[in-house]
Amino acid sequence: MNRQNHSPDIPDVKPSPARLPPGKVWLVGAGPGDPDLLTLKAARLIAAADAIVYDHLIGEGIITLARPDARLIYAGKQSSRHTLPQEQINALLLTLTRQNLAVLRLKGGDPFIFGRGGEELEALAAAGVPFEVVPGITAASGCAAYAGFPLTHRDHAQMLTLVTAHRKRGGLDLDWAALAHARQTLVFYMGVGAAEEISRQLIAHRLPAVTPVAVVRQGTLATQTAIFSTLAEFPARLRAEKVEPPALIVVGSVVDLHERLSARQHDSVQAMRHL
Ligand SMILES: C[S@@+](CC[C@H](N)C(=O)[O-])C[C@H]1O[C@@H](n2cnc3c(N)ncnc32)[C@H](O)[C@@H]1O
């Protein structure tokens, strides 16, 4: 079954007689990948929408919840390979709502965390289109939980900082001095291509080179892998193991707790997959 539409053409879909009010957009977080991590509200909306505009990080098991006659439009966003420019996605949402469709804008993780959800809502608001936001589990929560370590802990980290490592014009424009503090956890989204810079800058700003680092790839999916290393060594490990996005880089001593916590957790995650 291939119901994906890789072109921005506006489909000729009949508005459904269904329950969702037409002409409205739901901006929905799909979580980090495992369909079991969808909220009930997200699952209900996916199953009812007339049209679903979805991103690269939405897992197969989630899209298959859509109505058989729903129009599925892939809007892409794979690192630097943007399938549809943001302006075209905004315009697409407006056009679909003008066709009186109930439109689901489905994004990986949480739409308000490095998801450009705000930008899309600004366009809808400016055009007077009604919308609703449904939060999702962000990659940081999903990856940490499935890799077996907490993000905060009274003995390790009283602060949690989510950082985008998406490069604009060459380098990262980050306040490294503020980031390089002990007793906090740093989570870098979109950081694989910036691993060397993250390591070099944090060490230069006096975060110990032995600070534990986890890199979790395809977190919460059956294909999840995790590399446990240190601030000094993780870029070389990523190169050696040819790690590609999507991956999350977590820096901080909470990471070391996986040694005690992940074995039993692994069993229970595997057991859940068989439920
Ligand atoms: C554009 S950001 C979107 C973040 C999303 N809105 C969220 O709340 O998780 C994409 C980045 O999120 C991270 N990411 C998303 N899903 C992931 C997953 N399942 N495993 C590891 N990293 C993930 C990666 O760093 C990826 O490059």
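Atoms within each ligand, like the ligands themselves, are counted from 1 in listed order.
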* Asked: What part of L57, side chain from CB on, backbone N/CA/C/O, both or neither, has a heavy atom under 4.0 Å from ligand 1?
  -> side chain

* Structure fact -> for atom 24 (C) of ligand 1, nearest protein heavy atom and its distance come out as A247 O, 3.4 Å

* Could you state whether V216 and F188 fall into the same hydrophobic cluster, counting links through intermediate Ile, Leu, Val, Met, Phe, Trp or Tyr residues with side-chain heavy atoms under 4.5 angstrom apart? => no

* Which protein heavy atom lies closest to atom 11 (C) of ligand 1, and at what distance to 0.1 Å? -> M190 CG, 3.7 Å

* Asked: Evaluating non-hydrogen atoms only, which member of F188, F114, F112, Y189 is closest to atom 3 (C) of ligand 1?
  -> F114

* Asked: At what distance, to the nearest 0.5 angstrom, does CG of L84 lie from CG of L92?
  -> 7.0 Å

* Asked: Is L257 close to P150 at the side-chain level, that is, under 4.5 Å between some pair of heavy atoms?
  -> yes

* Asked: At their closest point, which heavy atom of P32 faces which heavy atom of A139, and how far apart are they?
  -> CB-CA, 4.1 Å

* Give the contacting part of C143 toward ligand 1: side chain, backbone, both or neither, where contact means a heavy-atom distance below 4.0 Å. => side chain

* What part of H166, side chain, backbone, both or neither, has a heavy atom within less than 4.0 angstrom of ligand 1? -> neither

* Structure fact -> Here the gap from W176 atom CH2 to L207 atom CG, rounded to the nearest 0.5 Å, amounts to 10.5 Å

* Out of H156, H153, Q184, R183, which residue meets the side-chain hydrogen bond (donor to acceptor under 3.5 Å, both in side chains) rule with S253? -> H156

* Should V251 and L179 count as side-chain neighbours, where that means a heavy-atom distance under 4.5 Å? -> no

* Structure fact -> The atoms of ligand 1 lying under 4.0 Å from a heavy atom of T138, numbered in the order shown, are 7 (C), 8 (O), 9 (O)

* On the 0 to 90° scale, with breaks at 30° and 60°, tag the F228-H258 ring pair as parallel, tilted or perpendicular. => parallel

* To do: Could you list the atoms of ligand 1 found under 4.0 angstrom from a heavy atom of Q218?
  => 19 (N), 20 (N), 21 (C)

* Can you sort out which atoms of ligand 1 are near V216, meaning under 4.0 Å from one of its heavy atoms? => 21 (C)

* **K107 near ligand 1 by a heavy-atom separation under 4.0 Å** => no

* Structure fact -> Closest non-hydrogen contact found for V254 with F149 is O-CB, 3.4 Å

* Could you name the option among P32, A139, G108 that has the heavy atom nearest to atom 23 (C) of ligand 1? => A139

* Structure fact -> L248 heavy atoms within 4.0 Å reach ligand 1 at atoms 13 (C), 21 (C), 22 (N), 25 (O)

* **Basic-acidic side-chain contact under 4.0 Å: R217, E241** => no

* Ignoring hydrogens, just give me the one of T225, V192, I113 whose non-hydrogen atom is nearest atom 4 (C) of ligand 1. => I113

* Asked: For P111 and ligand 1, does the shortest N/O to N/O distance drop below 3.5 Å?
  -> no

* Among all protein heavy atoms, pick the one closest to atom 18 (C) of ligand 1 and tell me residue, atom and distance. => G219 N, 3.5 Å

* Can you tell me if G33 has a non-hydrogen atom under 4.0 Å from ligand 1? -> no

